[in-house]
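First comes the structure, then the notes that go with it.
Residue numbers run from 1 in the order of the sequence given. Both ligands and their constituent atoms are indexed starting at 1 by order of listing.
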Amino acid sequence: MTLLVTGVAGFIGSNFVYHYLDRHPERTITGIDNLSYAGNLDNLSALTDEQQERFIFVKADITNPDQVGTIFEDYPVDGVINMAAETHVDRSIHDPQVFLKTNILGTHVLLETAKHSWQKRGAWKKGAKFLQVSTDEVYGTLGESGFFSEATPIDPHSPYSASKASADLIVKAYHDTYGMPVTITRCSNNYGAYQFPEKLIPLVITNALHHKSIPVYGDGKQVRDWLYVEDHCRAIDLVFEEGRTGETYNIGGNTEKENIIIIKEILRLLETMTGDTTITQELISFVKDRPGHDRRYAIDASKIRKELGWSPRVPFQEGIDQTVRWYIDHQDWMARVMSGEYRDFYAKNYNNRNF
Ligand code: NAD
Ligand code: TYD
């Protein structure tokens with residue numbers, strides 16, 4: 001199977017490349033990414049020499065049909081895992097257009113190219129597959145009780161979640177109309193290494209290490225269900241291999257936490273691990289709430305557990321300890337991805353292909 005993974009230079013994409021090449025020592029990945037502000041090839045610099053031989057990187061934009069078409073012609077792609085996306089809710093509030101373009105039109109370009117290529121090559125009948133990585137945010141928000149199941153109607157509130165929900169519907173339409181072999185995963189909030197420091201957990205760590213204030217939206221009592229990124233990668237791998245065509249699988253950590261609790265725990269860990277007693281709760285600053293802020297997300301992951309035997313392996317305390325330690329040990333990485341200074345350098349020097 002020649003696997004095309006999109007968004008490989010991002011947070012989950014890079015973690016997935018490490019996971020997949022490690023878990024499947026005989027397989028290769030062709031990875032693409034347009035190296036947006038969130039995509040850094042630096043994230044893949046810990047691949048071993050042997051793993052690099054099984055990894056081809058192509059700088060390409062999923063919204064560009066010519067670039068995607070060329071990749072399908074040059075490599076006999078018979079599996080697609082689409083993770084490329086614009087992903088930050090706050091950015092989507094300020095500038096929705098690129099979210100609609102990448103998340104909706106980009107997904108359509110991939111589907112359409114895969115459909116043509118697979119029909120032409122007869123790959124369809126030989127087990128070709130398309131997995132769309134989606135999010136629990138498509139379901140909207142919950143009150144104090146209840147969980148999102150796969151049967152929960154989609155009800156997105158931000159331009160980000162609306163664009164992801166739209167993409168899901170198009171993926172489903174390609175299954176229902178053309179018989180495309182698709183699966184969709186919808187996961188809760190991830191945390192771990194290589195997450196761009198605009199999302200809550202790496203932002204809190206970065207700001208605290210620089211003694212900058214930590215913006216808490218509204219009352220800080222919004223609830224997210226946190227999952228260690230490696231558990232998500234394992235679930236994506238499993239659904240791609242064994243998930244039933246046309247089905248959606250929810251993935252969650254069963255770890256609901258209020259934002260303010262997470263923030264206080266990170267500050268406690270940072271103070272203990274660095275010995276810097278000026279990293280205190282004094283850094284917390286309550287700010288204006290995010291417009292349309294979803295109050296609570298919680299995932300019912302019983303379908304993937306029952307059908308595929310998946311459940312999270314990394315308990316939150318273990319995962320957050322490792323994550324805080326990783327960012328402390330990779331402050332040079334943080335500085336580089338924030339400045340973007342290495343992006344062009346790597347694009348020129350690391351790529352096997354460059355459009
Ligand atoms: P990320 O922002 O860290 O990475 C996204 C990657 O996609 C970046 O490397 C970026 O350069 C690339 N990209 C953006 N536009 C592109 C384009 N037009 N063409 C090619 N590449 C492009 O995001 P992430 O957190 O790694 O999320 C990956 C996927 O997982 C997304 O689809 C997201 O919706 C989904 N997801 C994320 C979470 C989470 O908590 N982070 C939870 C559930 C689902
Ligand atoms: P985020 O990491 O942006 O993920 P998402 O909005 O996709 O769940 O935010 C997680 C939660 O943290 C969300 O409730 C918004 C909140 N938040 C803050 O309070 N302050 C911040 O600076 C950020 C980035 C997020």
Side-chain angles (χ1 to χ4, degrees), residues 5-16 31-41 43-44 58-64 67-68 81-93 98-99 101-103 105-107 109-110 132-138 141 157-158 160-161 163-164 167-168 185-192 194-204 206-207 213-227 229 232-233 235-236 250-253 257-260 262-263 284-290 292-297 299 337 343:
V5 183
T6 71
V8 284
F11 164 48
I12 299 171
S14 56
N15 276 283
F16 184 79
I32 68 174
D33 201 293
N34 71 345
L35 301 181
S36 74
Y37 79 94
N40 294 279
L41 282 173
N43 294 1
L44 293 161
V58 185
K59 179 172 186 265
D61 190 324
I62 61 162
T63 68
N64 185 320
Q67 293 182 1
V68 176
I81 298 183
N82 180 28
M83 304 196 203
E86 289 289 336
T87 59
H88 190 36
V89 173
D90 295 324
R91 284 179 189 257
S92 83
I93 294 167
V98 67
F99 284 74
K101 187 174 176 205
T102 289
N103 299 359
L105 298 180
T107 300
V109 166
L110 288 168
Q132 174 72 1
V133 176
S134 186
T135 166
D136 63 350
E137 302 194 26
V138 300
T141 189
H157 296 131
S158 72
Y160 163 65
S161 52
S163 67
K164 293 293 291 184
D168 287 7
T185 56
R186 291 180 178 151
C187 188
S188 59
N189 287 59
N190 285 211
Y191 67 100
Y194 301 113
Q195 188 168 31
F196 194 78
E198 63 183 354
K199 306 281 165 57
L200 181 70
I201 287 180
L203 179 125
V204 171
T206 317
N207 280 18
S213 77
I214 291 158
V216 181
Y217 300 162
D219 63 4
K221 295 196 172 169
Q222 301 82 8
V223 172
R224 297 292 181 264
D225 173 2
W226 294 94
L227 182 71
V229 64
H232 186 193
C233 292
I236 293 169
N250 282 355
I251 303 165
K257 299 225 178 267
E258 288 182 355
N259 294 338
I260 192 71
I262 299 255
I263 292 166
I284 291 173
S285 163
F286 287 89
V287 300
K288 198 161 159 277
D289 208 354
R290 172 189 277 173
H293 199 168
D294 290 332
R295 191 69 180 167
R296 174 171 169 261
Y297 300 147
I299 280 274
V337 300
R343 203 177 308 143

Polar contact flag for [X] and ligand 1 (N/O pairs, less than 3.5 Å):
X: Asp61; value: yes
X: Phe11; value: yes
X: Thr135; value: no
X: Ser36; value: yes
X: Cys187; value: no
X: Asp33; value: yes

We want to know whether [X] and [Y] form a side-chain donor-acceptor pair, criterion being a heavy-atom distance below 3.5 angstrom.
X: Asn82; Y: Gln132; result: yes
X: Asp168; Y: Ser134; result: yes
X: Thr87; Y: Lys199; result: yes

Going by heavy atoms in the side chains, are [X] and [Y] under 4.5 Å from each other?
X: Tyr191; Y: Leu227; answer: no
X: Pro215; Y: Asn207; answer: yes
X: Gln222; Y: Arg296; answer: no
X: Met83; Y: Val8; answer: no

Nitrogen or oxygen atoms of [X] and ligand 2 under 3.5 Å apart:
X: Asn259; result: yes
X: Lys199; result: no
X: Gln222; result: no
X: Glu137; result: yes

For atom 34 (O) of ligand 1, which candidate among Phe16, Phe196, Tyr160 provides the closest heavy atom? Tyr160
To which of Gly10, Ala167, Ala85 does the heavy atom nearest atom 7 (O) of ligand 1 belong? Ala85
Closest non-hydrogen contact found for His88 with Tyr37 is CB-OH, 4.1 Å
Nearest-neighbour protein heavy atom for [atom], which is reported as residue plus atom name and distance:
atom: atom 23 (O) of ligand 1; value: Thr87 CG2, 3.2 Å
atom: atom 19 (N) of ligand 1; value: Ile62 N, 3.0 Å
atom: atom 29 (C) of ligand 1; value: Met83 O, 3.3 Å
atom: atom 6 (O) of ligand 2; value: Arg290 NH1, 2.5 Å
atom: atom 15 (N) of ligand 1; value: Thr102 CG2, 3.5 Å
atom: atom 40 (O) of ligand 1; value: Asn190 N, 2.8 Å
atom: atom 25 (C) of ligand 2; value: Tyr217 CE1, 3.6 Å
atom: atom 35 (C) of ligand 1; value: Val133 CG1, 3.9 Å
atom: atom 10 (C) of ligand 2; value: Leu200 CB, 3.9 Å
atom: atom 20 (C) of ligand 1; value: Asn34 N, 3.2 Å
atom: atom 41 (N) of ligand 1; value: Ile12 CD1, 3.7 Å

Taking only heavy atoms of [X], which atoms of ligand 1 are found under 4.0 Å from at least one of them?
X: Gly39; value: 8 (C), 9 (O), 11 (O)
X: Ala60; value: 19 (N), 20 (C)
X: Gly7; value: 6 (C), 7 (O)
X: Ser188; value: 42 (C), 43 (C)
X: Asn189; value: 40 (O)

For ligand 2, which atoms have a heavy atom of [X] less than 4.0 angstrom away?
X: His293; result: 13 (C), 14 (O), 15 (C)
X: Leu203; result: 22 (O)
X: Pro215; result: 18 (C), 19 (O), 20 (N), 21 (C), 22 (O)
X: Val89; result: 6 (O), 7 (O)
X: His88; result: 3 (O)
X: Asn189; result: 4 (O), 5 (P), 8 (O)
X: Glu198; result: 24 (C)
X: Val216; result: 19 (O)

Apply side chain to side chain contact (heavy atoms under 4.5 Å, CB included) to Trp226 and Ile262, showing your working. CA-CA 10 Å; Trp226 294 94; Ile262 299 255; 3.3 Å; yes
Do you know which of Asn64, Asp61, Val68, Ile62 makes side-chain contact (heavy atoms from CB on, under 4.5 Å) with Val109? Val68
Asp33/Lys59 salt bridge by N-O under 4.0 Å criterion: no
Taking NZ, NE, NH1 and NH2 as the nitrogens, is one of them in Glu198 or Arg91 under 4.0 Å from a carboxylate oxygen of the other? yes
Out of curiosity, Asn190 CG to Asn15 CG, how far, rounded to the nearest 0.5 Å? 8.5 Å
How many angstroms lie between CD1 in Ile299 and CG in Asp136, if you round to the nearest 0.5 Å? 4.5 Å
Just by distance, do the side chain of Thr6 and the backbone of Ala84 share a donor-acceptor pair under 3.5 Å? yes
Between Lys164 and ligand 1, which part of the residue brings a heavy atom under 4.0 Å of the ligand: side chain, backbone, both or neither? side chain
Classify the contact between Trp226 and ligand 1 as side chain, backbone, both or neither, using a heavy-atom distance cut-off of under 4.0 Å. neither
Below 4.0 Å from ligand 1: does a non-hydrogen atom of Ser134 turn up there or not? yes
Is it true that the NZ or CZ of Arg224 lies under 6.0 Å from the centre of Tyr297's six-membered ring and within 45 degrees of the ring axis? yes
